[in-house]
Amino acid sequence: MKKSIVWLASFPKSGNTWARIFLANYLANENRPVDINHVHRFAMGDSSINTYQMVAGGDFDINDHEVVLGLRHKVLRGIVANNADVNFVKTHNANGTSFGYRLIPEEVTRSAVYFVRNPLDVTLSFSRHFGVSHEEAVDNLWNPDHVTVPDKFTIWQYLGSWSEHVKSWSKTNPFPTLVIRYEDMVADPEEAFSKMLQHIGIPVEPDRLTKAVKFASFEESKKQEDEGGFLETSPKAEKFFSKGKSGQWKDDLSPELISKTRRWHRKVMKKYGYLND
């Protein structure tokens with residue numbers, strides 16, 4: 001079995017989509033932006049219900065975790081069966097086990113890029129995307145058993161708490177793993193995405209890099225969504241691309257929830273510089 005999967009991993013609402021749009025534009029190297037609804041052609045997701053149905057040969061019991069996780073391993077083996085050197089796969093799953101199943105099997109994994117974002121900003125985006133209150137979002141980021149509920153597009157995604165999710169990917173893994181902060185992507189996207197390309201073994205061409213960063217900008221993606229919609233927009237959210245900023249929590253999150261988040265995630269927040277503000 002070929003180890004060809006390069007995971008593009010993150011807790012939800014941490015910059016994964018932006019990175020994938022950049023990568024699609026860099027790989028395509030066209031003179032106009034890649035359609036945001038075609039990004040999955042360059043980096044597929046690991047939780048598409050359609051893929052699971054194909055592997056299962058039809059409908060299956062989506063509420064049976066063991067059935068879903070058993071199919072997951074078949075899905076991943078199917079991905080690497082194309083014999084490509086690299087398969088980019090987006091995931092929001094933690095790098096651990098659930099119901100005895102490895103979520104990120106070493107035998108199919110080439111490397112990983114993990115995107116981490118200040119949980120205070122994640123809370124706001126999470127709340128908007130999943131249609132829950134700020135209070136519920138804070139509780140979800142703390143919940144060690146947190147999963148995203150399946151819908152007509154995706155199956156279960158096994159997250160756990162924000163801190164445990166980050167630690168699961170940033171620990172010493174049996175495959176090369178690069179951690180990139182969302183805040184560094186915002187501050188200097190060319191530098192951040194250059195590191196990503198180098199890590200996954202793609203040569204960095206300066207002009208091509210600059211063009212891909214421009215084509216993957218928040219403004220361009222928002223424009224495309226406004227004009228034609230976005231397949232990844234949650235049914236519970238009006239838009240996927242809302243503000244695309246860092247530090248919005250300072251204005252929009254209550255002092256009580258800020259304090260609770262810092263208390264629950266202090267160790268990991270400190271490691272990544274999120275207690276400095």
Side-chain angles (χ1 to χ4, degrees), residues 1 4-17 19-20 36-82 87-109 112-115 122 125-132 136-137 139-141 143-162 164-166 168-169 229-237 240:
M1 188 178 300
S4 64
I5 292 181
V6 175
W7 297 102
L8 304 176
S10 70
F11 199 87
K13 313 311 296 178
S14 300
N16 200 316
T17 300
R20 286 183 290 117
I36 57 174
N37 288 312
H38 294 167
V39 168
H40 64 278
R41 298 177 181 177
F42 299 86
M44 66 180 295
D46 68 342
S47 299
S48 168
I49 196 167
N50 289 336
T51 305
Y52 280 69
Q53 288 172 332
M54 288 175 58
V55 170
D59 291 333
F60 58 95
D61 186 357
I62 197 170
N63 294 310
D64 188 323
H65 289 279
E66 294 202 10
V67 169
V68 170
L69 289 165
L71 287 172
R72 175 178 177 79
H73 279 235
K74 293 180 181 179
V75 167
L76 299 181
R77 287 197 297 270
I79 292 173
V80 301
N82 66 8
N87 287 287
F88 296 107
V89 180
K90 164 208 168 182
T91 188
H92 288 316
N93 286 289
N95 180 17
T97 61
S98 187
F99 294 90
Y101 289 86
R102 283 288 308 172
L103 296 171
I104 310 296
E106 180 184 350
E107 62 267 22
V108 299
T109 301
V113 182
Y114 184 74
F115 306 98
V122 171
S125 293
F126 190 99
S127 168
R128 184 168 53 250
H129 185 77
F130 290 103
V132 299
E136 289 176 278
D139 287 341
N140 281 330
L141 265 66
N143 184 358
D145 298 317
H146 181 54
V147 296
T148 61
V149 178
D151 55 31
K152 61 181 180 180
F153 299 112
T154 60
I155 50 87
W156 300 93
Q157 296 177 87
Y158 302 87
L159 309 181
S161 74
W162 177 85
E164 290 303 318
H165 197 284
V166 175
S168 77
W169 282 100
F230 185 35
L231 294 174
E232 296 185 26
T233 302
S234 166
K236 298 180 180 180
F240 187 95

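- The minimum heavy-atom distance linking Arg20 with Thr17 is given by the pair NH2-OG1, 3.0 Å.
- Rounding to the nearest 0.5 Å gives a distance of 9.0 Å between CG of Leu141 and CG of Leu159.
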Please test Val89 against Val6 for side chain to side chain contact (heavy atoms under 4.5 Å, CB included), starting from the C-alpha separation and ending with a verdict. CA-CA 6 Å; Val89 180; Val6 175; over 6 Å; no

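- Residue Val122 comes nearest to Lys13 through the heavy atom pair CG2-O, 3.9 Å, listed as atom of the first residue, atom of the second, then distance.
- Between Phe11 and His92, the shortest heavy-atom distance links the atoms C-ND1, 3.9 Å.
- Distance check: Leu103 CG to Ser168 OG gives 9.0 Å after rounding to the nearest 0.5 Å.
- Residues Tyr52 and Arg72 meet the side-chain proximity criterion, which asks for heavy atoms closer than 4.5 Å.
- Across every non-hydrogen atom of Phe60 and Val67, the tightest pair is CD1-CG1, 4.2 Å.
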Before you tell me yes or no, could you show the steps for Val68 and Phe99 under side chain to side chain contact (heavy atoms under 4.5 Å, CB included), namely the whole-Å CA-CA distance, both residues' side-chain angles and the distance that decides it to 0.1 Å? CA-CA 10 Å; Val68 170; Phe99 294 90; over 6 Å; no

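- Although no hydrogens or angles enter the test, the distance criterion places no donor-acceptor pair under 3.5 Å between the side chain of Thr97 and the main chain of Gly100.
- Judged by distance alone, the side chain of Trp156 and the main-chain N or O of Ile62 form a donor-acceptor pair under 3.5 Å.
- Contact between Phe130 and Pro12 at its shortest, heavy atoms only, is CE1-CB, 4.2 Å.
- A distance-only check finds no donor-acceptor pair linking the side chain of Asn143 to the backbone of Asp139 [under 3.5 Å].
- Aromatic rings of Phe88 and His40 (six-membered ring for Trp) have centroids beyond the 6.0 Å cut-off, not under it.
- A distance of 14.5 Å separates CE of Met54 from NZ of Lys74, quoted to the nearest 0.5 Å.
- Contact annotation: the side chain of Thr154 never approaches that of Thr148 to less than 4.5 Å [non-hydrogen atoms, C-beta and beyond].
- How far CG of Asn93 is from CZ of Arg102: 11.0 Å, rounded to the nearest 0.5 Å.
- When side chains are defined from C-beta on, Tyr114 counts as touching Val166, because their heavy atoms get closer than 4.5 Å.
- Taking the centre of each ring, His165 and Tyr158 stay at or above the 6.0 Å mark.
- Scanning both residues, Ser10 and Phe115, for their nearest heavy atoms gives CB-O, 3.4 Å.
- The pair Lys90-Asp46 does not meet the salt-bridge criterion, since no charged nitrogen lies less than 4.0 angstrom from a carboxylate oxygen.
- Of the candidates Asn95, Asn87, Thr91, Thr109, Thr109 is the only one forming a side chain to side chain donor-acceptor pair (under 3.5 Å) with Trp7.
- With values rounded to the nearest 0.5 angstrom, Phe42 atom CZ is found 13.5 Å from Leu8 atom CG.
- Taking the side chain as every heavy atom from C-beta outward, Ser98 and Leu69 approach each other to under 4.5 Å.
- Distance check, rounded to the nearest 0.5 Å: CG of Asn82 to OG of Ser4 gives 6.0 Å.
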